[in-house]
Protein chains: 2
Amino acid sequence: MSKLVTKITDSEMEVMRVLWEADGELPLADIRKHLMQTSNWETSTIKTLLRRLCQKGVVLATKKEVFYYKPLISKEEYAEHTTQRLIDRLYSGSAKNLVASLLGNKKLDDTDIEELRTMFKVGDKDE
Amino acid sequence: MSKLVTKITDSEMEVMRVLWEADGELPLADIRKHLMQTSNWETSTIKTLLRRLCQKGVVLATKKEVFYYKPLISKEEYAEHTTQRLIDRLYSGSAKNLVASLLGNKKLDDTDIEELRTMFKVGDKDE
DNA sequence: ATGGGTAGTTTACATCTGTAACCTGTTAAT
DNA sequence: ATTAACAGGTTACAGATGTAAACTACCCAT
């Protein structure tokens, strides 16, 4: 895990999502192509966001014929960190509270629960 | 539920937490007293945050001998909104994925799961 | 060679955030 | 009456964020 897990802003997150989905390195052109489907940012905006992400140390740009951009934090790692923050701030530090609220709000239905149950019934003892 | 659920910043959230915990209206002096235990903000900082929260429409100030401040969004409401955003952005929109990850990361242990199970075994049919 | 597209780099600029000082008026204590 | 404390209101100011234009250098097509 990374040290302080720098804050990734909303706009930056859109870029990260593209990089995460691609699961590898992408050149600007490809990033642009992906983002054009969801946002209508100018290319220069995307370039600014990539620059800031590199500065923050969460993306690495590798020079080839052209720069290739690659995430240095995995989506899972970042998700875990962010989720923990959420739990600390809004669920009194208890993951159980979060899940209870999801159940209460019907964000998890019976099928989900069944799946989770089987999913974790198995891998439980092997460690 | 509120329309757009304005963004509450990190600093502002500290103030909201005090208001939520107090579950009622609080005058500045009380808010200050609570916050002094966790932050060492100057009073003017707290006043600025309260002003911004009022502007954003998430806190109401009622004039008595002195202003009393009261949250207009409940913690639960805000938590639900924020959690949904998290799920959308980092768990492919699936609450199940979130929970799976909590289980995988041991953020939920067997006791938690047991509790959740009994907690929701009961209230399930009555609606 | 000339012009259009694109990558990389620099600069811009309004708004938002974090943090606070300052001013004014009132109250409470000396 | 004088002053210390505090509430309410106004102003400040640096750094972060959202969004982008401009400039430079190169490659490709005419």
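In the text below, chain A, chain B and the rest are named by the order of the sequence lines, each starting its count at 1.
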request  = Please tell me if the side chains of A:Leu26 and A:Tyr69 come closer than 4.5 Å, counting only heavy atoms from C-beta onward.
outcome  = no

query = Any side-chain heavy atom of A:Ile8 within less than 4.5 Å of one from A:Lys56?
reply =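 No - every pair of side-chain heavy atoms lies 4.5 Å or more apart.
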
So, does [X] use its side chain to make a donor-acceptor pair with the main chain of [Y] at under 3.5 Å?
X: A:Gln55; Y: A:Arg52; result: no
X: A:Trp20; Y: A:Glu76; result: no
X: B:Glu115; Y: B:Asp112; result: no
X: B:Thr45; Y: B:Trp41; result: no
X: B:Ser92; Y: B:Ser94; result: no

For [X] and [N], what is the distance between atoms [atom1] and [atom2] respectively, to the nearest whole Å?
X: A:Glu65; N: C:dG8; atom1: CD; atom2: C1'; result: 14 Å
X: B:Ile46; N: C:dT19; atom1: CD1; atom2: P; result: 12 Å
X: A:Leu28; N: C:dG8; atom1: CG; atom2: C1'; result: 9 Å
X: A:Lys63; N: C:dA7; atom1: NZ; atom2: P; result: 12 Å

key: Distance below 4.0 Å between B:Tyr69 side-chain N/O and D:dA7 OP1 or OP2   = no

inquiry  = Testing the basics here: between B:Leu35 and B:Glu14, what is the closest heavy-atom pair and its distance to 0.1 Å?
reply    = CD2-O, 3.9 Å

request  = Locate the shortest heavy-atom distance separating A:Lys7 from A:Arg85; write the atom from each residue and the value.
outcome  =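 Residues A:Lys7 and A:Arg85, closest heavy atoms: NZ-NH2, 4.0 Å.
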
Kindly give the atom pairs (protein nitrogen or oxygen, nucleotide nitrogen or oxygen) under 3.5 Å for nucleotides 16-22 of chain D.
{"from": "D:dT17", "atom 1": "OP2", "to": "A:Lys56", "atom 2": "NZ", "distance (Å)": "3.1"}
{"from": "D:dG18", "atom 1": "OP2", "to": "A:Thr9", "atom 2": "OG1", "distance (Å)": "2.5"}
{"from": "D:dG18", "atom 1": "N7", "to": "A:Arg52", "atom 2": "NH1", "distance (Å)": "2.8"}
{"from": "D:dG18", "atom 1": "O6", "to": "A:Arg52", "atom 2": "NH2", "distance (Å)": "3.2"}
{"from": "D:dT19", "atom 1": "OP2", "to": "A:Ser11", "atom 2": "OG", "distance (Å)": "3.3"}
{"from": "D:dT19", "atom 1": "OP2", "to": "A:Trp41", "atom 2": "NE1", "distance (Å)": "3.1"}
{"from": "D:dT19", "atom 1": "O4", "to": "A:Arg52", "atom 2": "NH2", "distance (Å)": "3.2"}
{"from": "D:dA20", "atom 1": "OP2", "to": "A:Thr45", "atom 2": "OG1", "distance (Å)": "3.3"}
{"from": "D:dA20", "atom 1": "N7", "to": "A:Thr48", "atom 2": "OG1", "distance (Å)": "3.3"}
{"from": "D:dA20", "atom 1": "N6", "to": "A:Thr48", "atom 2": "OG1", "distance (Å)": "2.4"}
{"from": "D:dA21", "atom 1": "N7", "to": "A:Ser44", "atom 2": "OG", "distance (Å)": "3.1"}

Dump the pairs, protein N or O against N or O of nucleotides 25-27 of chain D, anything under 3.5 Å, distances to one decimal.
none

message = Ring of B:Tyr68, cation from B:Lys64 - is the NZ or CZ under 6.0 Å from the centre and inside 45° of the axis?
response =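 Yes, B:Lys64 and B:Tyr68 form such a contact.
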
inquiry  = Pair B:Ser101, B:Asn105 - check side-chain hydrogen bond (donor to acceptor under 3.5 Å, both in side chains), show working.
reply    = CA-CA 6 Å; B:Ser101 140; B:Asn105 291 305; 3.3 Å; yes

query = Under a 4.0 Å heavy-atom cut-off, which of residues 30-39 of chain A touch DNA chain C?
reply = A:Arg32

inquiry  = Categorize B:Tyr68 for me: base, sugar-phosphate, or nothing, with a 4.0 angstrom heavy-atom threshold over every strand shown.
reply    = nothing

